[in-house]
Structure formats: C-alpha cells, structure tokens
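What follows is a short report on a single structure.
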There are 2 protein chains.
Amino acid sequence: MHEQPSPTHQPLYQQVYRMLLDRLASGDWSPGELLPSETALAQLYGVSQGTIRKALDTMAAERLVVRHQGRGTEVAKHDSERSLFQFWHLYDEDGSRRIPSSKVLECVRTTARAGEARQLNLRRGAPVVRIRRCRYIDSRARIVERITLPAERFPGIESHGKALPNTLYALYQKQYRVTIQTAIEKLRAVKADQNDAESLGIEPTTPLLEIERVALDLEDEPVELRVSRCETNQIHYKNILD
Amino acid sequence: MHEQPSPTHQPLYQQVYRMLLDRLASGDWSPGELLPSETALAQLYGVSQGTIRKALDTMAAERLVVRHQGRGTEVAKHDSERSLFQFWHLYDEDGSRRIPSSKVLECVRTTARAGEARQLNLRRGAPVVRIRRCRYIDSRARIVERITLPAERFPGIESHGKALPNTLYALYQKQYRVTIQTAIEKLRAVKADQNDAESLGIEPTTPLLEIERVALDLEDEPVELRVSRCETNQIHYKNILD
DNA sequence: AAGTGGTCTAGACCACAGC
DNA sequence: CTGTGGTCTAGACCACTTT
C-alpha cells in the first residue's frame, strides 16, 4: 500500500519498524514470546510480506528479536548468554571470556549526586539505588563496581540487599520490564584509591582500567550507570572495530 | 538461476558476495571507483538484480563499498574521515573527537621479535618496519605509539623516515594497496615507564591506557601491530555496545 | 532524457520445526 | 502435513545524479 508523498515521508518498512518497536517497548509482547508470523503482520499493517521482512530483519540485526526458521520470530531475551556476548568485553590472556562471580558489598536507596543525575537524566536529588559490588575471576577479586539505578524504574530493588543476582540485566528485564538495548562506555586509566586497594588486595597507585557505562533501554532512556574498576594484569578489555 | 543442492550449498547472494570480495581484494577495482551497476552485475553473474542487491547491501554494511542513489556503488576509500569514524575512539571530555597531530621519533627496518611475529603471523626474525611516534592533542603530548609492519607488505616504507603522514591507513591503501578492514584491540591499564614519562612529560608510574591493536586487511590477514599508550586525564576511549 | 540505486509488491520454491 | 522463515525472481514505480 503506498501513501501520500508528504515532506515527512518515511519508507514503509521504517514506519513498520517504528510501530513494532513501540509495541515491544510497551510490552505488548514479552521476551521469549513469538511475534505474529510475517504474513499475519503483513495483513495487520496492510503491507506486503517483503516489507514486514525488511523491518524484522532490521530488528534482528539490532538483536531486538531472534529469527528461527520454521518456528517464528522471538522477542529477544536477556539470558546470561546474551549479556555475556553483547555486554561483556573482559577476556583472559588466552582469549576466553571469564564469567565472574559477584559479592554485593552495599545496596541502598539514596539520592542522586549531581554527576549521577546528569548521566541518568534525572533531577538532582532524585531517588536512586546505589549498589557496590566486588567481582571475582578464578576466585581472585579483579573488579570493583559502583552501580546507580533510578529508583522509579526499579521500585523496591534495594530489598534484594546482598542477595542480588550476578546477572543484573536479566533481573531488570524479568522483574522490572526494563530491557537494556545499548550501552555507552568511557574507558580511562586511573590510580587505585584506598578503597579499591583494599577490595582488590593490591597496593594503592596500582593502575586500574575504569569503565564508566551508561546503559539505555529500548527507547534510548538511560536506566543504569555503572563504574567498574578492573585490575588488568591477567585480563584485558577486547574491542573489535569493523 | 538456481543450482545443484550440494552438501556445501551456499545461498547465491553469499556466493556473489565472495566473488565480489575476491575481486576487490585482488584490486580489480580501485578505491573510489564505481562498480558496474546492479543490472550489469546481475547479467555478469547470471542472477537477478535482487540477489546482487543483497550482496552489495551486505558489503555496504561492512563499509566495503558506499552506495550512492543515482550515481552508483563506490569502492570504499580510506579518506581521513573514514579512518576517523571507524578507527578512532578517543574523545574529549565534551564528547568531541580530537584529531591528533603526530611526530615520528623513529622509523627503521629491523627484524620481528617473538611477540610481533606471533601477532602478525610471521616467522620469528622476519623483516619488519618499526615506527615510534608521539601524538599531540591541543599541542600537548598525549599518546606514544609503537607500530610494527611486515616489511614484505610495505616495501620501502621506511624510506619515508620522519616525514610519514599522520593518517597511515590512507597511505597503506594508496601506496601499498593494503586496505584495513577490521582491527582487534586489547585495552589495559599500565604504569608509564621511563620512556613514556619522558615523551609525555609526566612522572613515571602515572597510569596510562594501553591499546594494543592488530589491524587486518580485506582477507583478514594481520598487516599492522600498533601499541598506543594514552594519558587519559583529558581524553577517554569511547565504545558503544549495541 | 537516461541511468542509477531505493522502495514495494507478488509469487515461487526451499529448509526447517512441530504436530 | 502444515506453517514458519529463507532464498530467488520479475516487474513496477520513485528519487536522485549526470549528461
């Protein structure tokens, strides 16, 4: 079905993409569910199957959905595997990913500092939940993390206390209907401070890799701020440019 | 045109992609040139225009070619803009990319050390060219780099001496027909050594961000090893995960 | 005006999953 | 066997660039 050549003309498949994304974000379909088939969607939106296909292929490329030949198109789930492959960049010297374990040191509700408020797009003093945890690889403490969440998006999450699960993104999605879609990281080299040194069992002034991550949801709203400091003697951050 | 359903069956568009990639790698078309039109390629390979389109769209997604409506499909060129957007991840605090200037400290032909040989897929002691340079942002030295090239792929490059251009990838492509397609980076936090400290005008033990990059050509052969050490007070490494 | 890539459609056949 | 997504084709029309 064609339409008016208006000044704000967008290709059909982009319009369909937008509509499907909105429905995903509003929770019309849950992670793990199957979307209607291509032919059903084509009828629903009054376009050809090829147009639906192009929209779905785009969403698959962005990992919003997973296509299964013979089965259907599934809404992407934050199983531990996806978290690992999309959001975990720390590798061992031999090139293998190491799944760290975590120990929560602190998990409290408080108010946003100026920097946190700016990065999470909140007003200053807005309620946030702050988590500090230490992460272990081969039972050696390698990473200290400070995580800040807007309390409004995660009501009552602080009640988990120190029993918070290791894979937070799966928790966000399952319990709070928040899907992490993108993350922006800033990396710097810093000196370990007294706190870092104690948590990691190293001497102060040891160089650490600081990773400051802002995670965005399906609608590109920032929903998590995470600052990780890593001891990079045995591990490194791997990035592929292509 | 369909073909036999053999056990090694690959979709037509992937076969076409492969053939086009081979012709690109072998230099049948030069960077900046226009490929034959979709219809011409369709005739040439005996497939439909849609199949050619799918292959070309894939190549465009990988930045191997650039599509221009009304003009044609161009072989991607390593202008400074592309180098900047694909391979430069250091940003200012305000979020803008800073183009550094460079001063070459050393450019000599020598033999590969064990580590260099391993990463560049050479035998130990193979001839290499080693470059050391210092890079400046806002006329402050921020980065020291050690670059290692397999001499066979870049014959005579050492004769440039200290007059090497700032944008090396454009030189590789233009003068040596080597196109950098991918790069794999490993990031670590390290202490500045005596050399770093002198070059950057900082005190030893200052934490530096070390970026170890192996750059690959169109055929995924490693063709450059580059170790950069950056002072990250005013700049940071930015990475987007999506 | 001619030629290019971009969008959209319709229909055929194949490969795979599940009943 | 049915329904799903994956591949391939053919043709129409549009938007853009060049001559």
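Protein chains get the first letters and strands the later ones, always in sequence-line order, with residue 1 at the start of each.
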Numerically ordered, the residues 27-35 of chain B set in heavy-atom contact under 4.0 Å with DNA chain C is none

Distance check needed: C:dT9 P versus B:Gln49 CD, whole Å only. 17 Å

CD1/A:Ile147 to CG/A:Leu225 distance, rounded to the nearest 0.5 angstrom? 9.5 Å

B:Glu38 atom CD is separated from C:dT7 atom C1', nearest whole Å, by 12 Å

Is it true that the NZ or CZ of B:Arg213 lies under 6.0 Å from the centre of B:Phe87's six-membered ring and within 45 degrees of the ring axis? no

If you measure from the Lys or Arg side-chain nitrogens to the Asp or Glu carboxylate oxygens, is any gap between A:Arg135 and A:Glu145 under 4.0 Å? yes

Against the side chain of B:Val47, the closest entry in D:dG5, D:dT9, C:dT9 is D:dT9

Round to a whole Å and report the spacing from CG of A:Leu56 to P of D:dG5. 8 Å

Under-4.0 Å side-chain N/O to phosphate OP1/OP2 contact, A:Tyr13 with C:dT7: yes

Identify, with sequence neighbours excluded, every residue that meets side chain to side chain contact (heavy atoms under 4.5 Å, CB included) alongside A:Arg146. A:Arg113, A:Arg132, A:Val227

Is there a side-chain contact (heavy atoms from CB on, under 4.5 Å) between A:Arg97 and A:Leu84 once you walk through the steps? CA-CA 8 Å; A:Arg97 281 184 222 237; A:Leu84 198 60; 4.1 Å; yes

OP1 or OP2 of D:dT7 less than 4.0 angstrom from a side-chain nitrogen or oxygen of B:Thr51, does that happen here? no

Hey, could you give me each pair passing side-chain hydrogen bond (donor to acceptor under 3.5 Å, both in side chains) that has a residue in residues 215-224 of chain B? Not counting sequence neighbours. B:Arg153-B:Asp217, B:Tyr169-B:Glu224, B:Tyr172-B:Glu224, B:Glu224-B:Arg226

Could you work out which one of D:dT9, C:dC8, D:dT7 sits closest to the side chain of B:Ser48? D:dT9

List the atom of B:His78, the atom of B:Ile180, and the distance in Å for their closest heavy-atom pair. NE2-O, 2.8 Å

Tell me, please, which residues at least two apart from A:Gln234 pass side chain to side chain contact (heavy atoms under 4.5 Å, CB included). A:Arg142

Could you state the CE-P distance from A:Met59 to D:dG5, rounded to the nearest angstrom? 14 Å

CD of B:Gln14 versus C1' of D:dG6: gap in Å, rounded? 11 Å

Output yes when at least one side-chain N/O atom of A:Lys54 is less than 4.0 Å from OP1 or OP2 of C:dT7, else no. yes

Donor-acceptor pair present, A:Arg53 side chain and D:dG5 base, under 3.5 Å: no

Would you list the protein and nucleotides 17-19 of chain D atom pairs, both N or O, that sit under 3.5 Å from each other?
none

Take the protein atom NE2 of B:His9 and the nucleotide atom C1' of D:dT7, then report the distance between them rounded to whole Å. 8 Å

Those residues that, when tested against A:Leu44, pass side chain to side chain contact (heavy atoms under 4.5 Å, CB included) (two or more places apart): A:Arg23, A:Leu41

Find the distance A:Glu74:CD to C:dA17:C1' and express it as a whole number of Å. 14 Å

Want to settle it: does B:Thr39 or A:Ile52 sit nearer the 5' end of DNA chain C, counting the closest nucleotide to each? B:Thr39

Distance in Å, A:Leu90 CG paired with A:Ile137 CD1, rounded so as to fall on 0.5 Å steps: 6.5 Å

Spacing between B:Gln15 atom CD and D:dC8 atom C1', to the nearest angstrom: 12 Å

N or O in side chain of A:Thr73 less than 4.0 angstrom from D:dT4 OP1/OP2: no

